[in-house]
Amino acid sequence: MSKSDIDNDMVRQLAELLDETGLTEIEFGKGDWHIRIAKSGTVVQAQAPVAAPPAAPVAVVAPEVAAVNPGTIKSPMVGVAYLTPEPDTPNFVAVGDSVTEGQTIMLIEAMKVFNPIHAPKAGKVIQIIAENGSPVEFGEPLMIIE
Amino acid sequence: MSKSDIDNDMVRQLAELLDETGLTEIEFGKGDWHIRIAKSGTVVQAQAPVAAPPAAPVAVVAPEVAAVNPGTIKSPMVGVAYLTPEPDTPNFVAVGDSVTEGQTIMLIEAMKVFNPIHAPKAGKVIQIIAENGSPVEFGEPLMIIE
Amino acid sequence: MFDKVLIANRGEIALRIQRACREMGISTVAVHSTADENAMHVRLADEAVCIGPPAATESYLNKHAILSAATITGADAIHPGYGFLSENAEFAAMVEEHGFTFIGPSPQHIREMGDKITAKQVVMEAGIPVVPGSSGAVRTAEEAGKIAAEIGYPVIIKATAGGGGRGMRVANSPDELATELQNASREAKSVFGNPDCYLEKYLGHPRHIEIQVLADNHGNAVHLGERDCSLQRRHQKVLEESPSPALNAEQREEIGQVVATAIKKIGYRSAGTIEFLFEDGKFYFIEMNTRLQVEHPITEMVCGIDIVREMIRVSSGAPLDFAQEDIKFQGHSIECRINAENPETFVPCPGKIGEYHAPGGLGIRVDSALYSGYTVPPHYDSMISKLIVHAATRNECLMRLRRALSEYVIEGLDTTIPLHQKLMAEPVFQNGDYDIHWLEKFVGK
Amino acid sequence: MFDKVLIANRGEIALRIQRACREMGISTVAVHSTADENAMHVRLADEAVCIGPPAATESYLNKHAILSAATITGADAIHPGYGFLSENAEFAAMVEEHGFTFIGPSPQHIREMGDKITAKQVVMEAGIPVVPGSSGAVRTAEEAGKIAAEIGYPVIIKATAGGGGRGMRVANSPDELATELQNASREAKSVFGNPDCYLEKYLGHPRHIEIQVLADNHGNAVHLGERDCSLQRRHQKVLEESPSPALNAEQREEIGQVVATAIKKIGYRSAGTIEFLFEDGKFYFIEMNTRLQVEHPITEMVCGIDIVREMIRVSSGAPLDFAQEDIKFQGHSIECRINAENPETFVPCPGKIGEYHAPGGLGIRVDSALYSGYTVPPHYDSMISKLIVHAATRNECLMRLRRALSEYVIEGLDTTIPLHQKLMAEPVFQNGDYDIHWLEKFVGK
């Protein structure tokens with residue numbers, strides 16, 4: 001090894017990037033080498049890896065999308081989502097529809113009971129996330145209404 | 001890897017980069033080695049806590065002092081330190097004495113054999129760390145000669 | 001055998017059941033609240049379904065949500081673990097009505113044993129000893145004297161309408177009996193508006209000893225020996241051991257046989273536990289737990305039987321593959337329940353685990369869903385780990401436990417490990433010379 | 001009993017011995033190189049002494065340094081573990097000359113068994129079966145034919161002056177024998193300058209089966225059954241199991257008795273292992289290991305005996321407190337050696353451990369000195385953990401092992417866990433149908 005292996009420009013470049021982006025840490029690796037730069041102050045830690053037991057759980061359904069959108073309607077229960085009132089009828093709502101507060105937008109079947117899901121406020125259907133006849137978990141995003 | 005493998009210039013180079021860029025930490029690795037330098041201050045931490053098993057070992061003797069002073073003479077073996085050639089004789093050397101290279105400065109008894117410890121270079125005795133008749137571990141600081 | 005089992009629980013017991021399933025080649029479904037998204041039982045399961053918010057009433061106690069989860073995942077059977085819905089007869093019935101197998105006893109047995117009066121009646125008829133006493137209210141001092149002479153002093157006088165310790169009085173002799181009956185009756189009248197009192201044998205320094213049983217659907221029933229769970233604080237078991245230091249081989253054999261015979265007679269199936277008070281060489285029925293128990297591992301250690309595996313096997317219709325004479329008890333086992341609590345004040349201490357390092361080596365078993373970086377949620381029980389030790393003798397077991405406790409690293413929150421270390425150093429515990437009141441006094445010191 | 005034991009080793013075995021000492025109320029002294037300052041065996045010991053730099057020759061193999069450490073700490077006895085000085089007769093003698101107890105056999109037994117020719121002679125006289133062959137060089141084809149007919153084909157012809165496989169030839173029939181003897185002799189002359197050859201029975205597909213023994217200073221000796229260690233790569237054991245899938249109860253009983261009787265006859269004390277090749281129902285002595293072995297835990301699991309504890313006990317002069325008939329074998333146990341190596345190329349991979357999470361639950365034992373944040377030094381053996389599993393049957397043991405391997409988290413470096421997972425899925429292994437050559441071919445695929 002020699003000091004020429006350290007690329008000063010690269011460190012400067014990374015430092016600039018750090019400042020520019022407001023990051024607190026950059027780590028970079030390639031082939032048999034890596035570099036990590038950090039800047040404290042707001043830096044809490046160059047964190048220990050989460051102690052993940054190895055096997056990743058297979059969530060039954062787990063779209064991460066839109067989970068944070070304030071217009072996201074989440075499932076209040078475990079069950080099976082139905083977008084139509086009856087088989088072979090059109091969906092309760094379609095993307096682009098305007099809905100009124102309290103309007104039924106889908107059903108969730110749990111324990112043989114079909115529970116209507118109501119629009120919490122008036123708005124426009126931006127996205128329908130749940131699929132017809134698919135199982136949904138508690139808290140899973142169903143639809144976005146804005 | 002022995003200490004002499006550490007490239008002082010490289011550390012200086014990285015330290016300069018750290019100051020220049022206002023970073024608090026630089027880590028660099030290549031092949032089978034890596035280096036990380038850090039400068040604390042407001043740094044909260046950049047490290048997972050050491051997974052210390054709880055019971056602290058009771059080292060037989062473990063003065064941490066002077067371990068980094070370049071004039072420190074460390075014990076080359078496990079044994080019992082003797083500061084005098086025979087019982088009831090004066091110490092080989094006293095603090096403030098000037099010693100010549102190769103001069104016997106103490107004995108370490110191991111396996112009934114008294115092994116003379118020689119001054120590695122001429123100098124002045126700054127501190128005598130080992131106590132007469134006390135056990136010493138391998139690598140334990142015995143004396144400082146500058 | 002089942003292809004897929006849904007585990008309607010959380011924490012270490014969910015993991016315990018999951019491990020048994022995995023070792024039998026059965027897929028697992030974990031159900032969990034939003035507070036348990038990162039829990040070990042969720043991470044390690046084959047499938048996981050979020051069934052509700054943190055409050056147990058809306059998630060782990062939500063029967064409909066659990067059954068919906070079983071439906072959408074296509075599970076064959078449901079194991080309820082302990083606590084939550086494990087002794088809920090209605091849930092067990094619903095599980096079966098929906099076409100799933102409930103890994104536990106029949107709803108009828110859960111119901112019967114869940115009612116104290118029915119339970120006492122049923123087990124008494126099956127030959128299990130209960131606390132002797134008057135069969136109803138005692139009207140006169142003469143009647144009381146006769147009954148007391150029969151059951152032996154001391155006796156306790158309790159208000160028929162009473163509860164919570166009010167109107168209870170102990171009499172040590174015929175003289176005291178007459179006086180105390182009058183006092184108790186007077187107090188009962190003023191407090192409860194009803195002067196009726198009844199008599200029971202008074203146990204002043206009992207131990208809590210329980211017998212583990214296993215039964216299948218084919219009329220086979222065995223006992224797996226006893227556990228001594230006398231070390232309790234506020235009716236919560238803290239440390240359990242098997243065998244009990246208070247029983248000899250003859251007593252063990254005798255009560256085991258009585259219980260196994262009764263279980264067969266009752267027609268019970270799956271795992272269960274008959275709890276007794278034990279004093280002066282006699283057993284007195286307290287209650288039957290119709291479920292897997294927290295302290296089941298110490299029984300597994302001494303008799304080499306995987307109780308959860310057997311529960312799953314028998315509920316799938318398989319017969320027990322051992323008879324009473326095949327069960328050999330070997331060595332001694334102790335379980336320490338480790339809670340996320342201050343070891344002196346017992347204030348619960350949920351929070352994030354820093355370093356986590358479980359003890360290892362010969363004779364050590366750790367049943368815990370903890371891992372480094374895991375956050376113990378504040379919504380549930382504070383028990384975070386069970387340290388189970390097995391050794392050839394009780395003394396070796398204590399030495400091994402001391403060693404294991406000193407190796408156990410759980411950083412980031414308070415645990416009751418120091419309490420267990422204090423216990424190990426206490427001569428009364430070392431001598432096995434404790435009753436159900438002792439620990440309360442010990443921790444109060 | 002000893003007050004203080006110095007453990008002249010490192011890694012998991014140092015920790016194993018330390019745990020046994022602690023459970024017996026004995027203080028421990030850890031000795032260590034500068035590379036092991038933060039090792040678990042150092043952190044958990046009562047006292048620790050640094051005895052030298054990383055190179056084993058100057059630390060763990062440095063007899064004077066270890067004895068000096070014993071002197072300055074006032075230790076009573078020294079346990080050598082395995083490897084390093086454990087089979088060094090000179091060290092054992094020095095330990096005793098300096099007034100310490102050597103926790104192991106006598107220097108004389110170590111010396112005798114350390115010499116292949118003496119060892120074979122000694123055990124043969126004590127009744128242990130060895131590989132049959134000519135007693136010296138075979139001069140003529142007639143002589144060879146007579147011996148071969150006696151010991152049975154195939155036979156192997158080896159150069160007396162040979163080694164490293166040169167000049168070795170196998171003959172399957174009398175015809176081949178004459179030809180191959182000529183060839184071997186010619187090759188031996190040209191390679192070693194000496195045409196002399198000898199004959200031995202040739203084992204084409206043997207298993208490695210070893211018998212664990214324990215003996216005290218009072219003439220008592222027992223065997224603890226066998227271990228099957230046929231799964232080897234470059235003569236390094238990879239996975240061991242007990243009992244062997246290849247032995248039946250009768251063979252087990254018979255070879256055990258032969259070995260225990262021989263050990264008694266030889267006057268051996270402490271723990272030891274007689275290693276055999278096993279083929280077509282017959283045992284052939286390889287060597288005796290006069291020390292604790294890496295794979296001793298599987299024997300502990302199936303017979304419920306703490307071998308390290310017994311070694312310490314008998315070396316303090318105590319008699320074995322069990323006889324052969326007290327030893328019962330229960331269930332099945334497998335040990336996976338987990339190395340810090342690439343699981344495909346087997347390149348050693350020392351380095352810093354990130355997350356570390358050992359598997360738990362019923363039937364799992366982990367013997368390891370790893371912890372999160374520990375750095376595996378590059379100076380020593382790459383074995384970093386032993387995962388030991390016990391279950392009622394071999395099949396349950398395999399299922400449990402599979403479960404445990406999937407739970408084991410060792411981040412930051414490569415380990416051989418994936419190799420063991422591959423093994424678990426392999427029908428040849430599942431059927432127990434392997435010999436000492438099988439694994440080498442399996443990993444070569």
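Every chain is numbered from 1, with letters handed out A, B, ... down the list of sequences.
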Under a 4.5 Å heavy-atom cutoff, which of Glu58(C), His64(C), Lys63(C) has the most pairs with chain A?
His64(C)
If you tally heavy-atom pairs under 4.5 Å against chain A, which of Pro53(C), Ala30(C), Ala69(C) wins?
Pro53(C)
Of the backbone (N, CA, C, O) and the side chain (C-beta and beyond), which part of Met77(A) lies under 4.5 Å from a heavy atom of chain C, both, or neither?
neither
Counting only heavy atoms closer than 4.5 Å, note whether Thr71(C) contacts chain A via side chain, backbone, both or neither.
neither
Give a yes or no on whether the ring-centroid distance for Tyr356(C) and Tyr408(C) is below 6.0 angstrom.
yes
Of His296(C), His41(C), His79(C), the residue whose pairing with Arg16(C) passes side chain to side chain donor-acceptor pair (under 3.5 Å):
His296(C)
Residues passing the ring pair (Phe, Tyr, Trp, His ring centres under 6.0 Å) test with Tyr380(C), sequence neighbours excluded, are Tyr60(C)
Identify every side-chain donor-acceptor pair in residues 117-124 of chain A under 3.5 Å, counting partners at least two apart or on other chains, and give the distances.
from: His118(A); atom 1: ND1; to: Gly102(A); atom 2: O; distance (Å): 3.0
from: Lys121(A); atom 1: NZ; to: Ile145(A); atom 2: O; distance (Å): 3.3

